[in-house]
Structures are given as C-alpha cells and as structure tokens.
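For the single chain, residues carry numbers from 1 onward in sequence order. Order of appearance sets the numbers: ligands from 1, and atoms from 1 within every ligand.
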Amino acid sequence: MSLGSLEIGSRLDAYLAQAVAADQGLADVAAVIAACAEAAVDVSEVIGRGALGGGDLAAQGEQNSDGDVQKALDVLAHQRFTEALRGAPVAEVASEEAEGIMLLNAGAPLAVAIDPLDGSSNIGVNMAVGSIFGIRPVGATAENPLSSFTSPGTAQLAAGFVTYGPATSLVLTLGFGTQIFTLDRAERVFRLTSPRIEVVAAAKEYAINASNARHWDTPVKAYIEDCLAGSEGPLDKNFNMRWLGSLVADAQRVLLRGGVFLYPGDNRKGYAQGRLRLLYEAAPIAMLMEQAGAAATDGANRILDISATGIHERVPLVFGSSEDVACVAKYYGGRNAAAGRSPLFGQRGLMRS
Ligand SMILES: O=P(O)(O)OC[C@H]1O[C@](O)(COP(=O)(O)O)[C@@H](O)[C@@H]1O
Ligand SMILES: [Mg+2]
Ligand SMILES: [Mg+2]
C-alpha cells in the first residue's frame with residue numbers, strides 16, 4: 001500500500017483509516033495501534049509534568065521478570081498500555097513488566113509484545129524514554145498462548161515505538177515503510193511528520209555502552225578499536241559516538257541520521273545474549289529498521305528470522321545503516337574491513353590481550 005494523498009500533518013486516525021480502506025485485513029491491527037497511541041498520549045502527559053505531577057516517577061518498587069527494579073513510571077506505563085489493549089482486539093500481551101503472558105480478550109485475533117517504558121535509567125533525570133510494541137497474529141494453538149510469541153519476527157504485522165523526548169513521536173510500520181508521527185499536544189493527537197524514512201546506507205556514528213569494553217568478545221573489541229582508529233584505521237573514516245541509555249532514542253537517531261547501534265553479548269554474568277529482549281525490543285526495532293532500508297542482526301542472523309522460546313528472552317542486537325551493519329557482521333565472521341588482514345585478531349594490540 002502507498003500513502004496515497006495523505007499530507008504531512010494528517011492525523012494518525014486518518015492514516016490508519018486509509019490503511020484499512022486499502023486492506024480490510026488491517027482493521028484489527030489499526031485498532032491496536034490506535035489503542036497504543038491513546039496510552040502513549042497519557043504517558044506522555046505524565047512524563048511532561050515531571051516533578052510537578054506530585055509523585056516521584058523514579059520511585060523504586062519491585063523487581064520485574066528480568067531482575068530490574070521497577071520504577072513508578074515503568075508500572076504506570078505498563079498499566080496504561082495494558083488497559084488500552086484490553087479495549088482492542090488483543091488476546092495476549094507479553095510485557096516486560098509482567099512475568100507471564102497476560103490473557104486479555106479470549107478469541108481476539110492479535111497478540112502484542114510491549115516494553116511499556118524503555119530507557120528506565122533515564123526516568124527522573126528528564127531524559128528521553130519510550131514505549132515499544134510489536135503486533136502479531138495469535139498462534140495456532142489457542143491453549144498455548146506462548147505459541148503467539150514463538151514465531152520469528154517476520155510474523156509481526158506491525159511494530160512501533162514512542163519516544164517521549166523534547167517532542168513525543170510515534171515511529172510506526174504496518175509493513176509498507178516506516179513513518180514518524182509527532183504528538184500535537186494541544187489536540188492530543190499524533191500527526192504525520194515523516195511519511196517515509198530512508199536510512200542512509202553508511203554513516204560515521206556508532207552507539208555502544210563503552211563502559212563494558214573489557215567484557216566484550218573479540219569481534220566487538222576489534223570493530224570498536226577500528227572505529228576509534230578513525231581515518232588512520234581500516235575503516236578509513238572518523239567516527240562520532242553517542243549513547244543515550246534509551247534504545248528508542250538511539251533508534252530514532254539512527255533512523256534519522258544513520259549509523260550503527262550495538263548491544264552485544266558480553267562476558268558479564270547473565271549478559272551472554274546482551275541486555276535487550278527479542279520480542280519487545282529487538283524484533284519491533286528490526287522491523288522498523290528494515291522497513292526504512294536499514295538492517296538488524298545478532299551478529300550472525302537477521303533479527304527478524306530469530307524465534308523466541310520464552311517471552312523475556314534476550315538477543316545480541318546490532319542495527320542501523322545497512323553497510324555499517326554488514327561491516328559489523330564481517331567482524332563477527334572473523335574478518336575485518338581491511339582486505340588481506342584476515343584472520344586479523346592477533347595483529348592489533350587490543351586483540352592480543
Ligand atoms: O544501562 P545499559 O547497560 O547501558 O543499557 C541501556 C539499555 O537498556 C535499556 O534501558 C533496556 O530497556 P528497559 O529500560 O526497558 O529495561 C535500553 O533502553 C538501553 O539501550
Ligand atoms: Mg527497554
Ligand atoms: Mg522497559
């Protein structure tokens with residue numbers, strides 16, 4: 001489907017109506033997106049009031065499924081999103097903030113994986129956070145709700161994330177390109193502001209939490225060492241580095257400016273598969289990236305081809321400009337960018353350690 005005559009500034013509901021008019025099969029998906037958008041407007045208002053809201057959004061509570069301490073805003077966003085999804089054609093929800101699969105409307109056709117509040121370490125310091133969702137058909141085995149979530153990311157019908165930053169934006173795909181909508185706060189509606197994102201094939205910016213450098217595996221150490229070498233190294237370009245501590249904000253920058261994001265597996269206890277979760281972080285972001293001409297891999301496999309076996313499963317995640325991601329994948333394959341230097345990992349100081 002193409003966007004037809006929709007203009008910049010069109011409301012999200014008009015966009016969804018046009019999608020449904022072109023393909024009736026998208027009606028349920030559109031209803032779920034509208035529910036997520038409604039919840040996002042409420043969450044955005046709470047975040048926008050900040051300390052004036054009367055409560056401490058960073059107040060710590062219980063541990064979630066992953067062992068992270070939940071903050072008040074994690075819980076509030078989880079409640080608001082699941083409440084909105086209850087009013088949509090959703091049978092099952094896999095949320096970061098709930099241990100098991102939540103059963104909503106029996107017999108409904110869709111299942112949703114959500115990270116209600118992404119970038120939790122930014123709560124309370126007035127920095128960007130977000131919400132991420134991936135929408136899938138309910139699995140073949142109704143008695144086994146997990147079956148809705150064990151198909152590969154290619155089964156997703158739509159995916160999106162909301163960034164609560166200086167502006168609140170909704171980055172969305174229904175499988176025909178990636179669009180960005182911006183929240184019109186006065187009217188409490190999202191309006192189309194970027195009809196078709198096209199990520200540049202290569203850029204000079206990478207994002208990684210460098211404080212973990214000593215724990216990285218050889219391919220990641222080699223790649224980052226070569227980034228740091230700039231134009232004097234095999235990659236032959238000078239890089240900039242950004243790490244916002246919020247996957248959605250880093251992903252939005254990559255969509256708009258290109259570059260590469262890495263959260264690899266590392267040698268810390270519990271981090272063999274990195275930190276990010278396949279169902280409600282990596283798979284939705286991967287769909288948005290691919291729909292914008294970018295790529296996402298775990299180093300060896302396309303993220304969208306990977307199937308989860310549990311709802312909170314982690315996966316090493318590298319995404320961004322297609323040539324940059326392909327370059328990182330070469331390092332994982334034991335080669336680096338410099339022709340004739342393979343196998344290379346004994347040649348450079350960092351790699352000999
Ligand atoms: O603190 P670290 O290890 O740099 O991890 C940061 C990453 O963790 C996350 O905060 C994980 O998401 P949650 O906040 O939803 O748990 C990402 O948004 C971010 O990219
Ligand atoms: Mg997250
Ligand atoms: Mg979260």
Side-chain angles (χ1 to χ4, degrees), residues 36 39-40 43 46-47 57-58 60-82 93-99 112-125 127-134 159-165 171 205-216 220 224 241-255 259-286 288-289 296 303 308 311-320:
C36 289
V43 172
V46 171
I47 293 170
L57 296 177
Q60 302 202 342
E62 319 219 313
Q63 277 193 348
N64 70 12
S65 54
D66 214 28
D68 289 343
V69 175
Q70 290 176 319
K71 294 181 175 165
L73 186 60
D74 286 312
V75 176
L76 184 149
H78 168 77
Q79 286 169 346
R80 187 62 197 95
F81 269 83
T82 48
V93 170
S95 166
E96 182 188 358
E97 305 307 337
E99 180 85 44
V112 179
I114 50 166
D115 178 355
L117 205 288
D118 177 61
S120 293
S121 69
N122 285 347
I123 300 174
V125 292
M127 287 177 60
V129 291
S131 303
I132 311 174
F133 58 88
F161 66 77
V162 180
T163 307
Y164 311 103
V171 183
E205 209 158 51
Y206 68 90
I208 192 165
N209 184 340
S211 69
N212 298 321
R214 68 192 185 284
H215 305 295
W216 293 336
V220 178
I224 297 299
M241 195 209 82
R242 286 287 180 271
W243 182 254
L244 301 176
S246 165
L247 173 62
V248 290
D250 277 317
Q252 188 148 356
R253 186 194 61 252
V254 167
L255 284 167
V260 64
F261 171 102
L262 304 92
Y263 208 125
D266 65 46
N267 297 325
R268 284 174 295 164
K269 193 164 179 278
Y271 278 77
Q273 299 302 312
R275 171 172 171 77
L276 301 174
R277 280 55 60 108
L278 176 57
L279 282 179
Y280 45 80
E281 293 181 316
I285 299 276
L288 290 158
M289 288 293 152
I303 290 291
I311 62 171
H312 300 296
E313 196 166 302
R314 298 181 181 202
V315 70
L317 179 58
V318 178
F319 65 80

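- Between Gly119 and ligand 1, a contact under 3.5 Å exists for at least one N or O pair.
- The Mg ion (ligand 2) has an N, O or S atom of Glu281 under 2.8 Å away, backbone or side chain.
- Between the OD1 atom of Asp118 and the OD2 atom of Asp115, the angle taken at the Mg ion (ligand 2) works out to 110° after rounding to 10°.
- With a cut-off of 2.8 Å, the Mg ion (ligand 3) has no N, O or S atom of Ile132 in range.
- The protein heavy atom nearest to atom 20 (O) of ligand 1 is Leu247 N, 3.3 Å.
- In this structure, a donor-acceptor pair under 3.5 Å is present between the side chains of Glu97 and Asn64.
- Ligand 1 has no N or O atom lying under 3.5 Å from any N or O atom of Asn212, backbone or side chain.
- The nearest pair of heavy atoms linking Ile208 to Leu262 is CG1-O, 3.5 Å.
- The backbone N or O of His215 sits less than 3.5 Å from a side-chain atom of Asn267, completing a donor-acceptor pair.
- Regarding atom 3 (O) of ligand 1, its nearest protein heavy-atom neighbour is Tyr263 OH, 2.6 Å.
- The contact set between ligand 1 and Asn209, taken as ligand atoms under 4.0 Å from a residue heavy atom, comprises 2 (P), 3 (O), 4 (O).
- Between the OE1 atom of Glu96 and the O atom of Leu117, the angle centred on the Mg ion (ligand 3) amounts to 170° when rounded to 10°.
- At least one heavy atom of Gly245 sits less than 4.0 Å from an atom of ligand 1.
- Contacts of Arg277 with ligand 1, taken as heavy-atom pairs under 4.0 Å, involve the side chain alone.
- Closest heavy-atom contact between Ala128 and Gly165: CB-CA, 4.2 Å.
- In summary, no N, O or S atom of Asp68 is located under 2.8 Å from the Mg ion (ligand 3).
- Taking every non-hydrogen atom of Trp243 and a distance limit under 4.0 Å, the qualifying atoms of ligand 1 come out as 4 (O), 6 (C).
- Within the 4.0 Å heavy-atom criterion, both parts of Ser120, backbone and side chain, lie near ligand 1.
- Judged by the 6.0 Å and 45° rule, Arg314 forms a cation-pi pair with Tyr271.
- For the pair Arg253 and Glu205, the minimum side-chain heavy-atom distance is below 4.5 Å.
- Nearest heavy-atom pair, Ile303 versus Pro316, reported as atom, atom and distance to 0.1 Å: CD1-O, 3.7 Å.
- Checking side-chain atoms of Arg277 against main-chain N and O of His312 turns up no donor-acceptor pair under 3.5 Å.
- In Asp115, the part holding a heavy atom less than 4.0 Å from any atom of ligand 1 is the side chain.
- Side-chain N or O atoms of Arg268 include none that pairs as donor or acceptor with a backbone N or O of Gly265 at under 3.5 Å.
- Inclusion of Ser121 in the set of residues having an N or O under 3.5 Å from an N or O of ligand 1 is not warranted.
- The proximity of Asp118 to ligand 1, defined as any non-hydrogen pair under 4.0 Å, involves the side chain as well as the backbone.
- At least one donor-acceptor pair closer than 3.5 Å links the side chain of Asn122 to the backbone N or O of Leu244.
- Residue-ligand proximity, Asp68 to ligand 1, at heavy-atom distances under 4.0 Å covers atoms 16 (O).
- For atom 8 (O) of ligand 1, the closest non-hydrogen atom of the protein is Arg275 NE, 2.8 Å.
- The closest side-chain heavy-atom distance from Val171 to Val248 is not below 4.5 Å.
- Side chain of Asp118 to backbone of Leu247: a donor-acceptor contact under 3.5 angstrom is found.
- Only the backbone of Leu117 comes within 4.0 Å of ligand 1, judged by heavy-atom distances.
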